[in-house]
Amino acid sequence: MARAATTSDAFNAIAEPRRRDILALLRAGERPVTDLAQELGMSQPRASKHLRVLREVGLVRVRGAGKQRLYGLDARGLRPVHEWVGGFERYWNETFDRLDTYVQELKQTRRED
């Protein structure tokens with residue numbers, strides 16, 4: 001089966017660890033590609049390619065500031081990922097609630113013995 005293009009959606013784009021690293025750095029604010037490349041120990045062209053993918057799926061925005069292009073996080077693009085993960089969060093919360101109930105029942109049983 002052919003692999004889906006990394007630019008098709010946020011899930012595919014963030015499957016690449018370096019892109020997740022870029023998004024994490026951009027949480028602190030806008031940065032030029034040269035800063036991102038240096039921080040991540042990669043070449044500027046490679047960082048630019050990752051930023052292009054992130055821009056195409058709507059996770060990163062770019063604006064001109066003089067001679068620089070500043071890249072910033074556009075977290076709205078993460079909404080599908082957040083909603084998908086949210087289903088698992090509910091699952092784990094329910095699982096932990098059941099575990100907590102079980103532990104409390106065990107404690108009560110031990111007190112009665």
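Within the 4.5 Å cutoff, the side chain of Arg63 has heavy atoms near those of the Glu30 side chain. Looking only at side-chain heavy atoms (C-beta outward), Arg98 and Thr101 stay at 4.5 Å or farther from each other. With a 4.5 Å cut-off on side-chain heavy atoms, Arg19 and Leu23 do not count as touching.
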- request: Show your working on salt bridge (charged side-chain N to carboxylate O under 4.0 Å, His left out) between Arg52 and Glu56 and close with a plain yes or no.
  value: CA-CA 6 Å; Arg52 179 185 50 81; Glu56 287 176 359; 3.2 Å; yes
task: For the pair Glu112 and Gln108, evaluate side-chain hydrogen bond (donor to acceptor under 3.5 Å, both in side chains) and give the outcome as yes or no after the intermediate values.
output: CA-CA 6 Å; Glu112 291 172 358; Gln108 184 63 32; 3.2 Å; yes
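Across all non-hydrogen atoms, the minimal contact from Gly77 to Leu59 is C-CD2, 3.3 Å. Closest heavy-atom contact between Val60 and Arg55: O-CG, 3.4 Å. Residues Pro80 and Arg76 share a closest heavy-atom pair of CD-O, 4.4 Å. In terms of heavy atoms, Ala47 sits closest to Val33 at CB-CG2, 3.8 Å. The shortest heavy-atom contact between Leu26 and Gly72 is CD1-C, 4.1 Å.
No continuous path of ILVMFWY side-chain contacts below 4.5 Å connects Leu40 to Leu70, so the two sit in separate hydrophobic clusters. Phe96 and Tyr102 fall into different hydrophobic clusters, defined by Ile, Leu, Val, Met, Phe, Trp and Tyr side-chain heavy atoms under 4.5 Å apart, directly or through other members.
Evaluation of the ring-ring contact (aromatic ring centres under 6.0 Å, His included) test over residues 17-64, restricted to residues two or more places apart or in two chains, returns none. For the ring-ring contact (aromatic ring centres under 6.0 Å, His included) condition, the pairs that include at least one residue of residues 60-88, sequence neighbours left out, are Phe11-Trp84, Trp84-Phe88.
In this structure, Ile22 CD1 and Met42 CE are separated by 5.0 Å, a value rounded to the nearest 0.5 Å. Atom-to-atom distance recorded for Leu73:CG and Arg31:CZ is 12.5 Å, nearest 0.5 angstrom. Rounding to the nearest 0.5 Å places CG of Asp74 at 11.0 Å from CG of Leu54. Taking CG of Leu78 as the reference point, atom CD1 of Ile14 lies at 6.0 Å (rounded to 0.5 Å). Of the inter-residue distances, the one linking Thr95 atom OG1 with Asp97 atom CG reads 8.5 Å to the nearest 0.5 angstrom. Once rounded to the nearest 0.5 Å, the distance linking CG of Asp100 with CD of Glu105 reads 10.0 Å.
Counted by atom type alone, Ser48 and Gln44 present one or more donor-acceptor pairs between their side chains at under 3.5 Å.
For the pair Arg79 and Glu83, the salt-bridge criterion is met [side-chain N within less than 4.0 Å of a carboxylate O].
The 12-atom threshold is not exceeded at CD of Gln38, counting heavy atoms of other residues, nucleotides or ligands nearer than 6.0 Å.
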